[in-house]
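These notes concern the structure reproduced below.
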Amino acid sequence: MKSLRAKTAVLVVAAGGLVALSLVVAGCGGSSGEGGKIALLLPESKTSRYEAHDRPEFEAKVEELCEDCEIIYSNANQNAAQQQSQAEAALTQGAEVMVLDAVDATSASAMVQKAKQQEVPVISYDRLILGAPVDYYISFDNEKVGELQGETLSEKLGEEGSPNGPIVMINGSPTDNNATLFKKGARSVFDSEGVKIAKEYDTPDWSPDKAQNEMEQAITALGKNGFAATYAANDGTAGGAIAAMKSAGITPESKPTTGQDAELEAIQRILAGTQFMTVYKAIEPEANTAAEMAVALVEGEEVPSGLVNGEVNNEMEDVPSVLLEPVAVTKDNIDETIVADEFWTASEICTSAYEKACEEAGIE
Ligand code: BGC
């Protein structure tokens with residue numbers, strides 16, 4: 001099967017046509033061809049993608065493109081103040097480009113301002129920074145992520161004879177613009193399909209433990225039979241929600257639960273039947289694109305033509321953007337997405353507890 005990654009489409013996200021492909025960022029601190037320091041600031045580590053995919057894939061690509069580049073890496077553990085200090089430290093250490101996956105979409109504008117004062121360009125990575133003059137934005141079509149979660153779940157509810165739910169909605173962190181977009185996309189489907197929302201929560205810090213508490217509250221308020229399914233915005237919150245159902249004596253198989261990120265544990269839960277779906281976002285093209293841009297900027301060169309294909313407004317300006325396509329994953333297509341793309345290999349997924357389920361799902 002042909003790798004999905006090879007086919008990953010890049011979307012044009014806004015009207016207004018292509019932005020100048022050969023954008024040069026004025027005042028870039030790097031000098032041509034000599035490498036330089038690139039700051040990579042990631043938001044948290046409870047979600048496995050950052051340390052398992054984003055960081056190593058970004059680092060590998062930078063290393064491949066620029067042997068004299070150095071990466072200053074930090075992870076903020078979902079603490080906005082800590083991220084601010086990490087950004088300041090990176091600037092003090094001489095970072096010439098900042099790739100920032102912000103904990104807090106709004107307060108991060110202070111970091112952008114600081115970087116810009118020092119003529120350091122900023123790439124808003126995965127999460128859009130609002131109200132700040134960022135140079136580029138690289139992410140997935142995040143409203144589409146929510147739509148995929150909503151569509152796959154409401155189709156399942158129809159099959160199970162509960163087309164109107166009701167459901168419990170466990171959303172992501174209120175400080176993450178992506179969480180707003182996931183919710184918007186999912187809600188648009190639930191509204192149009194007539195799926196009722198019995199209880200809804202925003203989960204501070206995307207914390208799986210807090211998601212578990214929210215689900216416990218929902219079960220207490222609604223009773224075991226008071227809801228038909230759970231919308232969880234990502235696999236971490238899905239894990240929390242499923243744990244709450246189990247400890248309340250609910251069979252998770254009977255309450256289809258969504259997710260996102262194609263975390264290894266979530267793929268295994270999907271095979272076991274305790275989680276219904278996830279959304280696969282191929283991190284490699286996202287990290288690679290960010291690395292290509294960062295290297296061009298640090299070397300004072302033009303960003304390669306063809307990378308930027310659209311614009312997204314961040315409440316201050318239209319930011320030149322790259323948005324990639326997410327894919328819905330259920331038991332039926334793990335093999336042709338996750339395994340074909342080598343996001344996880346069959347042997348990583350099919351440990352002894354999952355051997356039989358893997359066989360049934362055609363994963364070898
Ligand atoms: C990312 C998700 C991730 C979540 C929690 C979002 O901004 O797009 O992939 O699960 O943050 O870190």
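Both counts, for ligands and for their atoms, begin at 1 and track the order of listing.
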Inset, instruction - Run the salt-bridge test on Lys116 and Asp135 with the 4.0 Å N-O cut-off and return the result as yes or no. - result: yes

Legend entry - Protein contact of atom 10 (O) of ligand 1 - nearest heavy atom, named by residue and atom, plus distance: Asp261 OD2, 2.5 Å

Legend entry - Salt bridge flag under 4.0 Å for residues Glu147 and Lys144: no

Legend entry - Close-contact set for ligand 1 against Thr47 heavy atoms, below 4.0 Å: 5 (C), 10 (O), 12 (O)

Legend entry - Protein heavy atom at shortest distance from atom 11 (O) of ligand 1: Arg127 NH2, 3.0 Å

Inset, instruction - Report, in ascending order of atom number, the atoms of ligand 1 lying under 4.0 Å from any heavy atom of Lys281. - result: 1 (C), 2 (C), 8 (O), 9 (O)

Legend entry - Proximity of Tyr50 to ligand 1 by residue part, where a heavy atom lies under 4.0 Å: side chain

Legend entry - Side-chain ion pair, Glu286 and Arg49, N-O less than 4.0 Å: yes

Legend entry - N-O pairing of Glu360 and Lys356 below 4.0 Å: yes

Legend entry - Interfacing atoms of ligand 1 (cut-off 4.0 Å, heavy-atom, Asp176): 6 (C), 7 (O), 11 (O)

Legend entry - Which residue and heavy atom of the protein sit nearest atom 12 (O) of ligand 1, plus the separation: Glu44 OE2, 2.4 Å

Legend entry - For atom 1 (C) of ligand 1, closest protein heavy-atom neighbour: Asp126 OD2, 3.3 Å

Legend entry - Atoms in ligand 1 with a heavy atom of Arg49 nearer than 4.0 Å: 1 (C), 2 (C), 8 (O), 9 (O)

Legend entry - Lys NZ or Arg CZ of Lys255 over Phe227 ring: under 6.0 Å, within 45°: yes

Legend entry - Taking atom 4 (C) of ligand 1 as the reference point, the nearest protein heavy atom with its distance: Trp206 CE2, 3.5 Å

Legend entry - Region of Asp101 engaging ligand 1 - heavy atom pairs below 4.0 Å: neither

Legend entry - Pair Arg55 + Asp101: basic N to acidic O under 4.0 Å: no

